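Taking it in order: structure first as structure tokens, then the write-up.
All values derive from a computational prediction rather than experimental measurement. As a basis for the values below, the full set of heavy atoms in this structure was taken, side chains included, without hydrogen atoms, waters or symmetry mates.
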Amino acid sequence: MEVYNTIIRRKQTFQPREPGKIGIYVCGPTTYNYIHLGNARPMVFFDTVRRYFKYKGYEVAYIQNFTDMDDKIISRAREEGIDPLVLAGNYIAEYFKDSDSLNVLRADHHPKVSEHIPDVIAMVDTLVQNGSAYVVDGDVYFEVKKFAGYGKLSGRAVEDMRAGARVDVDGRKRDPVDFALWKSAKPGEPSWDSPWGPGRPGWHIECSAMSLKYLGTNFDIHGGGFDLIFPHHENEIAQSEAATGEPFARYWMHNGFITVNEEKMSKSLGNFFLVRDILAKYPGELVRFFLLSTHYRSPLDFDDEKLSAAGRGLERIKTSMRLLNEALAKPEGKESAETDAEFGAALDSFNDSFEAAMDDDFNTALAISVIFDLAREVNTAVQRLGPVLPPSLRAALLKAKGLFNTFNEVIGIFKAEQNTGEVLLDGVPGNAGGLAEGLLDLIIEVRQEARKKKDWAVADRIRDGIKDLGIILEDTPQGVRWKKQL
RNA sequence: GGCGACAUAGCCAAGUGGUAAGGCAGAGGACUGCAAAUCCUCCACUCCCCGGUUCAAAUCCGGGUGUCGCCUCCA
């Protein structure tokens, strides 16, 4: 399979460090707020990468960190008058609520900086000892000019960076491009003891320390958003390779941005959408589907209309699943001569197409188009079906169902239980749901009686009225089907 | 200023040398009491513009225009 590697700027045949095993490290959020859609893209995308490798039979170690200690967390905690780690912990809990909604599986480890201070200190110490870093008044800086390969990921020359430095130079640094490994604590700031005095880790060092701890050197995939290429990942490479003397990561994968009105969505621009707020209006699977419907390296513009349009497409796939299950529920009947042989044959090609798409740098947009092709094929086969199901068609439908499930295992856009089309009413679990559904069944029954009497005025009034409440009724030869409006 | 990415129909979006996937919207038809859902048909002589290479280019090369991003915390 081919994977685009940022460090060489082109696709490359993927070869894991060890056959059959893959280690992935993805940079997670700084937890001082709820996550926004821009954070969700790498979560969903790399989750899909991980799912696909598993599907391919690899043993995957998937690590995603939380930055639970940094300047923004400290200032936010100060505003709210609570302990920074408590604040960060709260948002980590909220993070998981959102990631669950997006069908993102838990990582094998979710390391936090605050719990890896000894690892960070050991690494910084190594860098100081071997001359890659220097200490100034309790701060420790990495000396960029000591690392010959600096700039290899982002394709920049150190000279250019000096020329373009926009920020006031910290006079204590030997060179403007040097960056902090350890920051001494100002009065009142949380801190840990270290050989250089009380302080806390710089931003970049945590990812180096934790990825190396869990995955070792030269691990397979390091991922994150495009904006992390420089300086974050560039610095990670420098400090990691300077510390270990070995290659850091083999493949660097970076997802493109979510934009709003063609502008980058970001916390600093203030034009971000919280996942939480989007989830209040749209199902998590739809958000996930939307995020995967564009190739991960392309920018993705977000607005309600685009999400809705994607929703109508997703609905088509779900409808197909529902029709498929309805057909499978029919009693078995006689083999009919005209059973569509092409159907079975067409099915065979879908799995190959799906894998080919995913093998080509995780082309989820193309992979999803294969799901649409499958849906059409299923719908066509089911369309002319009578009251009974011939055995050969049953076999083919079961095969199609297996394909849907396989694809879904990777893409993760619907939950298995939802395949039947049994959609729960909004926010009414348990008894209340039973009540709501009971009322719904009753009103449908009444409407059927009206239809029997050809009282179309009453029948239509019920259908229209119920639609305003968000329930769509569909009359079919087999009876009435209802579903929640998206 | 330095570095980089992208430009495909009304919209979203695949496609990196062989003659334009898929989805949404739209038009017509089948089905339906009418709808909905579903199916069938149609919907880019053309891929930002201009040159070039080639038997052949949306795809490669050169130039131009436009948009976006990184260089500062950011996924």
Nearest-nucleotide pick for [X], side chain only, options being [options]:
X	options	answer
F257(A)	G15(B), G69(B), C73(B)	G69(B)
T319(A)	G23(B), G22(B), U38(B)	U38(B)
K264(A)	A75(B), G33(B), A37(B)	A75(B)
R481(A)	A37(B), A14(B), G23(B)	A37(B)
N39(A)	C24(B), G33(B), A75(B)	A75(B)
R447(A)	G33(B), C70(B), G23(B)	G33(B)
S298(A)	G33(B), C24(B), A14(B)	A14(B)
Q383(A)	C34(B), A37(B), C39(B)	C39(B)
P42(A)	A75(B), C71(B), G22(B)	A75(B)
F230(A)	A37(B), C71(B), G4(B)	C71(B)

Classify the nucleic acid contact of [X] as base, sugar-phosphate or nothing, counting any heavy atom under 4.0 Å across all strands shown.
X	answer
R156(A)	base
D71(A)	nothing
H36(A)	base
G256(A)	base
L473(A)	base
M43(A)	nothing
G38(A)	base

Is [X] side chain donor-acceptor paired with the [N] base, going by distance under 3.5 Å alone?
X	N	result
R451(A)	G33(B)	yes
D460(A)	G33(B)	yes
D301(A)	C12(B)	no
R463(A)	A35(B)	yes

Whole angstrom value for the distance that separates [atom2] of [N] from [atom1] of [X]:
X	N	atom1	atom2	value
I371(A)	A21(B)	CD1	P	20 Å
I317(A)	A37(B)	CD1	P	16 Å
I368(A)	C24(B)	CD1	C1'	14 Å
F179(A)	C71(B)	CZ	C1'	16 Å
D360(A)	G15(B)	CG	P	7 Å
F290(A)	C12(B)	CZ	P	10 Å
H222(A)	A75(B)	NE2	P	13 Å
K467(A)	A37(B)	NZ	C1'	13 Å

Please measure how far the [atom1] atom in [N] lies from the corresponding atom in [M], and state the result in whole Å.
N	M	atom1	answer
C47(B)	C12(B)	C1'	16 Å
U65(B)	G10(B)	P	26 Å
A44(B)	A21(B)	P	11 Å
U53(B)	G62(B)	P	15 Å
C48(B)	U67(B)	C1'	11 Å
A14(B)	A7(B)	P	9 Å
U54(B)	C60(B)	C1'	10 Å
G4(B)	C61(B)	P	14 Å

Opposite nucleotide pairing with [N], Watson-Crick or G-U, both atom distances under 3.5 Å:
N	value
C42(B)	G26(B)
U53(B)	none
A21(B)	none
U59(B)	none
C34(B)	none
A14(B)	none
U67(B)	A5(B)

So H254(A) and F226(A), would you call those rings parallel, tilted or perpendicular, with 30° and 60° as cut-offs?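 It falls in the tilted class, 30° to 60°.
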
Donor-acceptor contact below 3.5 Å, side chain [X] vs main chain [Y]:
X	Y	answer
S320(A)	R316(A)	no
R200(A)	A185(A)	no
H110(A)	Q64(A)	yes
D139(A)	S184(A)	yes
N103(A)	F414(A)	no

Do you see a donor-acceptor pair shorter than 3.5 Å between the side chains of Y150(A) and N235(A)?
-> yes

If you measure only the distance, is there a donor-acceptor pair under 3.5 Å linking the side chains of Y52(A) and D359(A)?
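Side-chain D/A pair, Y52(A) to D359(A): present.
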
Does the Lys NZ or Arg CZ of R106(A) fall within the cation-pi geometry relative to F96(A) - under 6.0 Å from the ring centre and within 45° of the axis?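 Because its charged atom sits under 6.0 Å from the ring centre and within 45° of the axis, R106(A) does stack over F96(A).
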
Should [X] be listed as having a side-chain N or O under 4.0 Å from OP1 or OP2 of [N]?
X	N	answer
N379(A)	A37(B)	no
R384(A)	A30(B)	no
R312(A)	C12(B)	no
K454(A)	C34(B)	no
R316(A)	C39(B)	yes

Of I221(A), V104(A), V410(A), D108(A), which is the lone residue that meets side chain to side chain contact (heavy atoms under 4.5 Å, CB included) with R50(A)?
->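 Of all the options given, the one that passes is D108(A).
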
If you find the nucleotide of RNA chain B closest to K11(A) and the one closest to S293(A), which residue's nucleotide is nearer the 5' end?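 Result of the comparison: S293(A).
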
By nearest-nucleotide position on RNA chain B, the 5'-leaning member of Y4(A) and I258(A) is Y4(A)

Does G33(B) have W456(A) stacked on its base, where the ring centres are within less than 5.5 Å and the planes differ by under 30°?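 One would call W456(A) stacked on the G33(B) base.
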
